[in-house]
Amino acid sequence: MHYLLASGVDWHVVWVRIGHPNHPFFLALTRTVYIAVIAQIMGVILGLFAALMRMSKLRIFRILSGIYVWIFRGTPLLVQIFFIYYASNQLLGFTLIPNSLNVGLFSLDGAIFAGILALGVNEGAYMREIVRAGIDSIDKGQMEAATSLGMRRGLAMRRIVLPQAARVIIPPLGNEFNNMLKNTSLLFAIGVYEMFADAEIGYSNSFQPTEYFLGVAFWYLVLTTVWTFIQAAIERKLAASERGEELSFRERWQEAWNPVSTRMFSGGQAR
Amino acid sequence: MTAEVVMRAADVHKKFGRLEVLKGVSMDVSTGETVCIIGPSGSGKTTFIRCINHLEKIDSGRIEVNGHLIGYRQSNGKLVEDSERNIARQRTQIGMVFQRFNLFPHKTALENVIEAPLKVLGHDKAHAVDKAKVLLSRVGLGDKLDTYPGKLSGGQQQRVAIARALAMEPALMLFDEPTSALDPEVTGEVLSVMEELAHQGMTMIVVTHEMGFAKEAADRVVMMDGGVIIEEGTPEHFFVAPTHERTKQFLSKIL
């Protein structure tokens with residue numbers, strides 16, 4: 001039984017990968033995190049603009065927004081990553097993706113830059129739908145009340161509608177970031193040294209797939225778990241400001257394990 | 001009463017698709033006057049009041065507030081919809097109170113009231129806050145400044161909404177069935193705020209079924225049915241001797 005379970009797995013290597021990761025691994029982990037964070041921020045900004053364009057009075061904006069989502073949701077992420085890294089310079093006729101990007105002391109590898117761009121643009125297409133659903137979920141009376149007070153639509157959107165929509169957007173946004181953390185692993189295919197690349201290289205040097213892939217799976221799980229707690233904290237803060245109260249410890253605990261809070265939709269505002 | 005006209009509606013027509021909801025409504029409201037609009041649901045009274053601050057477009061006719069055409073400008077003898085900027089500016093003069101309150105749930109009572117004076121009129125914060133405190137005290141909510149709408153009762157929310165509209169110092173206040181979403185026991189607190197407002201000389205147009213309020217505060221009652229005004233007169237007229245058969249039927253149901 002013991003033999004079946006362990007079947008030649010070197011548990012010491014697994015333990016080292018989990019408990020005593022080396023320096024290159026930590027660099028890779030850091031890279032995974034910052035790529036995910038920057039790409040997600042980019043996705044949110046692009047998604048917000050695309051959602052506002054989708055609701056514009058001008059038909060050309062609506063069409064552009066539609067084409068954007070159509071293309072980036074309709075093709076595989078891996079294809080987009082390869083396309084942006086290898087083909088975009090040729091297609092555009094100018095250097096969108098440099099070999100390396102130097103801004104002062106800060107230097108970014110071209111592949112990382114392309115990877116962030118691809119992940120961010122792809123994410124924007126998904127975020128557009130999330131942002132739009134969030135805005136649509138806000139009662140029309142809010143816009144009417146704001147404009148009746150003499151606010152113009154843009155101001156009313158910024159001050160009244162979007163802050164309320166944010167509460168609806170945050171839970172699915174959290175799930176998107178969870179996906180983003182994992183999708184960064186695709187960038188190993190264009191040579192970005194992130195967490196999965198580190199594991200992949202370790203495996204090909206040692207031919208110990210279980211050890212290396214189990215180790216890296218563990219670390220992805222650590223990242224997504226930490227994020228789950230951060231997300232719960234953000235949601236708690238938003239919900240508390242709406243209801244004007246803080247949550248009990250027990251509620252926090254429950255929310256941490258069940259972050260897509262259904263309270264947001266049911267408990268909202270008392271009429 | 002000085003007969004200066006604050007709101008003038010002339011032959012207003014409005015269609016939703018093929019359904020004509022306003023079939024030529026004309027009405028003048030003078031400074032300090034309180035006019036109640038009554039009528040069965042579907043009579044067009046809510047649509048009419050929403051046309052006055054251009055929440056609804058009109059198909060023909062014209063609406064003026066303080067002598068300014070609302071929502072449209074004249075171009076080569078035709079009416080075309082005005083710019084968003086101008087419509088927004090006109091609305092600062094017209095307060096609106098909604099059936100469902102429409103308070104901003106992410107802002108406290110005080111923040112609800114100061115939002116537009118700060119962001120639209122550009123008042124400084126100290127001034128706006130002082131004024132908002134006075135207004136909230138006037139509607140009996142001086143102790144609820146930092147309370148979020150979700151923690152207020154319907155009657156309290158509606159009183160915040162009234163204070164919010166008053167903070168813009170409008171020339172005209174519109175009330176769209178302000179008590180019909182409220183429990184019967186709290187309608188009184190909202191109506192008494194409105195009565196006080198009427199007695200202080202605010203110009204008000206109120207869509208309501210509260211004949212008690214009409215009797216207490218209205219200078220004039222207007223009965224609408226089928227998209228037109230079928231009868232108007234003093235509240236006493238409606239209590240004592242309504243002439244139109246439809247009005248008699250309607251009043252017998254609500255009184």
Side-chain angles (χ1 to χ4, degrees), chain A residues 52 55-58 61 134-171 234-247 251 261-271, chain B residues 50 52-56 83-109 111-122 144 146-154 156-157 161 164-168 170 173-174 176 181-183:
Chain A
L52 294 174
M55 297 184 297
S56 166
K57 277 183 186 164
L58 295 175
F61 281 165
I135 291 172
D136 282 350
S137 74
I138 304 305
D139 185 50
K140 296 268 178 295
Q142 291 291 310
M143 185 52 101
E144 288 189 351
T147 52
S148 293
L149 288 163
M151 296 172 89
R152 295 178 65 178
R153 291 186 69 85
L155 181 66
M157 185 58 82
R158 211 164 66 236
R159 297 279 311 173
I160 306 302
V161 177
L162 284 180
Q164 295 180 60
R167 294 194 163 85
V168 184
I169 292 168
I170 294 273
I234 295 170
E235 286 178 25
R236 194 174 61 240
K237 206 159 178 257
L238 283 170
S241 73
E242 179 167 13
R243 294 176 306 155
E245 63 185 37
E246 267 290 341
L247 292 185
E251 284 174 300
S261 146
T262 45
R263 274 189 308 104
M264 307 286 279
F265 298 98
S266 61
Q269 75 203 85
R271 287 283 188 190
Chain B
R50 285 167 60 87
I52 297 175
N53 73 347
H54 200 60
L55 282 177
E56 303 288 352
S83 70
E84 202 210 339
R85 176 196 297 266
N86 286 340
I87 293 169
R89 191 178 302 148
Q90 290 169 341
R91 282 178 177 148
T92 62
Q93 284 298 297
I94 307 169
M96 181 81 169
V97 175
F98 297 88
Q99 185 180 351
R100 305 296 301 264
F101 331 132
N102 295 348
L103 288 184
F104 308 136
H106 60 307
K107 293 180 180 292
T108 63
E111 288 166 348
N112 264 274
V113 177
I114 63 175
E115 177 68 16
L118 288 183
K119 298 292 166 186
V120 177
L121 301 180
K144 300 282 187 194
D146 298 322
T147 309
Y148 284 89
K151 291 264 166 183
L152 295 171
S153 73
Q156 290 170 330
Q157 287 191 57
R164 179 176 70 175
L166 289 175
M168 297 298 282
M173 283 283 284
L174 308 174
D176 180 14
L182 297 176
D183 293 333

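Reminder, nothing fancy here: chain letters follow the sequence lines and each chain counts from 1. This one's a predicted model, so the numbers in the text were calculated from it and none came from an experiment. Values reported hereafter were calculated over all heavy atoms of this structure, with side chains retained and with hydrogens, waters and symmetry mates removed.
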pair A/T147-B/L55: side-chain heavy atoms closer than 4.5 Å: yes
Any residue meeting side-chain contact (heavy atoms from CB on, under 4.5 Å) with A/R152, in chain and number order, not counting sequence neighbours: B/E84, B/R85, B/A88
Residues in side-chain contact (heavy atoms from CB on, under 4.5 Å) contact with A/L162, at least two apart in sequence or another chain: A/L48, A/I135, A/M157
For B/H106 against A/R159, the heavy-atom pair lying closest together: NE2-O, 3.1 Å
Partner of A/E144 by side chain to side chain contact (heavy atoms under 4.5 Å, CB included), out of B/R100, B/M96, B/R50: B/R50
Worked verdict on B/N102 versus A/D139 for side-chain contact (heavy atoms from CB on, under 4.5 Å): CA-CA 9 Å; B/N102 295 348; A/D139 185 50; 3.8 Å; yes
Stepwise side-chain contact (heavy atoms from CB on, under 4.5 Å) check, B/E115 with A/M151: CA-CA 10 Å; B/E115 177 68 16; A/M151 296 172 89; 3.6 Å; yes
Intermediate values then yes/no, side-chain contact (heavy atoms from CB on, under 4.5 Å), A/L149 and B/F104: CA-CA 12 Å; A/L149 288 163; B/F104 308 136; 4.0 Å; yes
A/Q142 side chain to B/L103 backbone, donor-acceptor under 3.5 Å: yes
